[in-house]
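Computed from a prediction, not measured in an experiment: that's the story for all the values here.
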Amino acid sequence: MRRPPLGSPLQLLVLACSFALTAYAGVRLLEEDPFAVALWFVGAAVLHDLVLVPLYGAADRALVRGMDRSGHRALTMYVRVPAALALLLLLVWFPLITGRVADRYARATGLSPDGFLARWLLITAALCAGSAAVYALRHRRARGA
């Protein structure tokens, strides 16, 4: 009889530590208002599964079709990766990028909420530039070989 593939002892230790940290964070989070936290998690899951996943899929299909029509299907990942990362950052920082919670952020942290839009745009530009640089290096290496 074979042993099930459990991984190395280090992997198991890291996994156990991550579960312990998650349990600790969950207990601390649920201390204050468990109904509101549960409602937020359910709402986030429903929003993600019913709204965002179909949008991701539609955008990806449109990208792939557009790249196919232009004859550049191989370049899809060079657009997909920076776009996905930029949209993830937009999703996470949306309230601060739009300035909707600027006053609350300033009161809670003592920091200025200004500049989130500019930083997000700079990070997005850097992601796109990095993707273009990777493409250029790979293209140059393929032509030289």
Side-chain angles (χ1 to χ4, degrees), residues 1-30 36-145:
M1 198 158 141
R2 293 180 52 173
R3 260 184 62 203
L6 295 175
S8 72
L10 179 61
Q11 288 174 326
L12 293 175
L13 177 65
V14 169
L15 184 64
C17 288
S18 69
F19 281 136
L21 180 64
T22 302
Y24 171 74
V27 167
R28 294 290 307 251
L29 187 63
L30 292 172
V37 172
L39 184 65
W40 189 88
F41 272 107
V42 169
V46 168
L47 173 72
H48 179 266
D49 292 348
L50 295 180
V51 176
L52 295 179
V53 169
L55 286 175
Y56 303 152
D60 191 56
R61 277 192 307 276
L63 172 68
V64 170
R65 283 186 190 139
M67 295 299 235
D68 273 344
R69 286 188 187 129
S70 68
H72 298 304
R73 172 82 185 244
L75 303 179
T76 303
M77 289 307 291
Y78 297 102
V79 176
R80 186 183 281 167
V81 172
L85 292 173
L87 288 173
L88 178 65
L89 288 173
L90 177 64
L91 182 66
V92 170
W93 296 105
F94 184 76
L96 286 168
I97 289 171
T98 59
R100 300 180 119 198
V101 293
D103 295 336
R104 191 179 335 164
Y105 178 78
R107 280 193 311 270
T109 64
L111 300 172
S112 172
D114 298 335
F116 277 91
L117 175 61
R119 288 185 204 123
W120 177 73
L121 290 172
L122 284 171
I123 290 170
T124 300
L127 287 169
C128 292
S131 182
V134 168
Y135 169 72
L137 288 172
R138 288 185 179 173
H139 185 68
R140 183 176 175 194
R141 187 177 296 156
R143 292 193 101 195

Please round to the nearest 0.5 Å and tell me the distance separating atom [atom1] of [X] and atom [atom2] of [Y].
X	Y	atom1	atom2	answer
Y78	R138	OH	CZ	4.0 Å
D114	Y105	CG	OH	10.5 Å
L15	C17	CG	SG	9.0 Å
L89	L121	CG	CG	11.5 Å
R65	D60	CZ	CG	10.5 Å
L96	L111	CG	CG	10.5 Å

Minimum side-chain heavy-atom gap I97-R119 below 4.5 Å: no
Got R104 and R107 here, is their nearest side-chain heavy-atom distance under 4.5 Å?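 Result yes, sub-4.5 Å side-chain heavy-atom pair found.
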Indicate the atoms forming the closest heavy-atom contact of [X] with [Y], along with that distance.
X	Y	result
V92	P95	O-CD, 4.1 Å
M67	V79	CE-CG2, 3.6 Å
L90	W120	N-NE1, 3.5 Å
D49	P54	O-CD, 3.6 Å
P113	A106	CD-CB, 4.2 Å

The test is side chain to side chain contact (heavy atoms under 4.5 Å, CB included); show your working for Y135 and M77 and say whether it passes. CA-CA 10 Å; Y135 169 72; M77 289 307 291; over 6 Å; no
Got a sec: does the CZ of F41 have more than 12 other heavy atoms crowding it under 6.0 Å?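 Not more than 12 within 6.0 Å, no.
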